[in-house]
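Worksheet: the structure to be examined is printed underneath.
Values below: every heavy atom of this structure, side chains too, minus hydrogens, waters and symmetry copies. Remember, it's a predicted structure, so these values are computed and weren't measured experimentally. All residue numbers in this chain count up from 1 along the given sequence.
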Amino acid sequence: MEVLNNNEIIEMFDKLGLSIAVFDRDMKMIYMNERAKWFYSKVFKAENILGKSVKDCHAEINIKNINNLFETFDNGKPLSFFHADPPMIEGGQISVIHYPYIVDGKVEGIMEINIESSLQDSGRGKYERKFN
């Protein structure tokens, strides 16, 4: 099998069923897979936020938390995650994972992955696991 090219990687991310987005230090969305476009249209009640800042869509405390997250990533923390129950997402809980987006050794943004079934024990995912 050949090494995947960029288009194949993007196609793979689009088929995952996970919301994957990357925003820069100004909170401008610089990448969104197809599921992220759907997810954020529900969260921010806007059809297309790719290329736009979502700073004005966040409460002041959330902006402070995001700035703190940048600081922890700047200091070498490899990831962050939390669980949420956003009312605008049908079906309940989500798990949110943040990774630093690094360019030339510097944190330039954050990759956000939203999994629409909580990974914590009390989450919906615990009861829907089926292995053959």
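Atom CZ in F73 sits 5.5 Å away from atom OG in S80 (nearest 0.5 Å). Rounding to the nearest 0.5 Å places CD of E11 at 11.5 Å from CD1 of I9. Here R25 contributes atom CZ and K106 contributes atom NZ; the two are 6.5 Å apart, rounded to the nearest 0.5 Å. Between the CG atom of N114 and the CD1 atom of I94 there is a distance of 4.5 Å, given to the nearest 0.5 Å.
Side-chain contact between Y99 and I113: present, with at least one pair of heavy atoms (C-beta onward) separated by less than 4.5 Å. Within the 4.5 Å cutoff, the side chain of H98 has heavy atoms near those of the L69 side chain. Between I49 and M32 the shortest side-chain heavy-atom distance falls below 4.5 Å. Inter-residue side-chain proximity for E112 and V96 is flagged as met; some heavy-atom pair is nearer than 4.5 Å. Proximity of V107 to Y101: side-chain heavy atoms (C-beta onward) are nowhere separated by under 4.5 Å. A 4.5 Å side-chain heavy-atom check between M29 and V54 finds at least one atom pair inside the cut-off. Between I110 and F70 the shortest side-chain heavy-atom distance falls below 4.5 Å. Contact of the I30 side chain with the K28 side chain is registered, since non-hydrogen atoms from C-beta on lie closer than 4.5 Å.
In this structure, N33 contributes its side chain and I10 its backbone to no donor-acceptor pair below 3.5 Å.
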- Could you go through the side chain to side chain contact (heavy atoms under 4.5 Å, CB included) check for Y31 and I20 one step at a time? CA-CA 8 Å; Y31 171 79; I20 302 172; 4.2 Å; yes
- Check the pair I63, K55 against side chain to side chain contact (heavy atoms under 4.5 Å, CB included), reporting the backbone distance first and the verdict last. CA-CA 7 Å; I63 294 172; K55 198 174 229 176; 3.8 Å; yes
- Take Y40 and L50, measure what side chain to side chain contact (heavy atoms under 4.5 Å, CB included) needs, and give me the verdict at the end. CA-CA 10 Å; Y40 290 106; L50 185 59; over 6 Å; no
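Residues M27 and I61 do not share a hydrophobic cluster, clusters being chains of Ile/Leu/Val/Met/Phe/Trp/Tyr side chains in contact below 4.5 Å.
Counting heavy-atom neighbours within 6.0 Å of N6 CG, excluding the residue itself, gives a total of 12 or less. The 12-atom threshold is exceeded at CD of E8, counting heavy atoms of other residues, nucleotides or ligands nearer than 6.0 Å. Heavy-atom contacts from other residues, nucleotides or ligands closer than 6.0 Å to CG of D56 number 12 or fewer.
The shortest heavy-atom contact between A21 and A36 is CB-CB, 4.3 Å.
The residues D26 and K52 are annotated as not salt-bridged, no charged nitrogen and carboxylate oxygen being separated by less than 4.0 angstrom.
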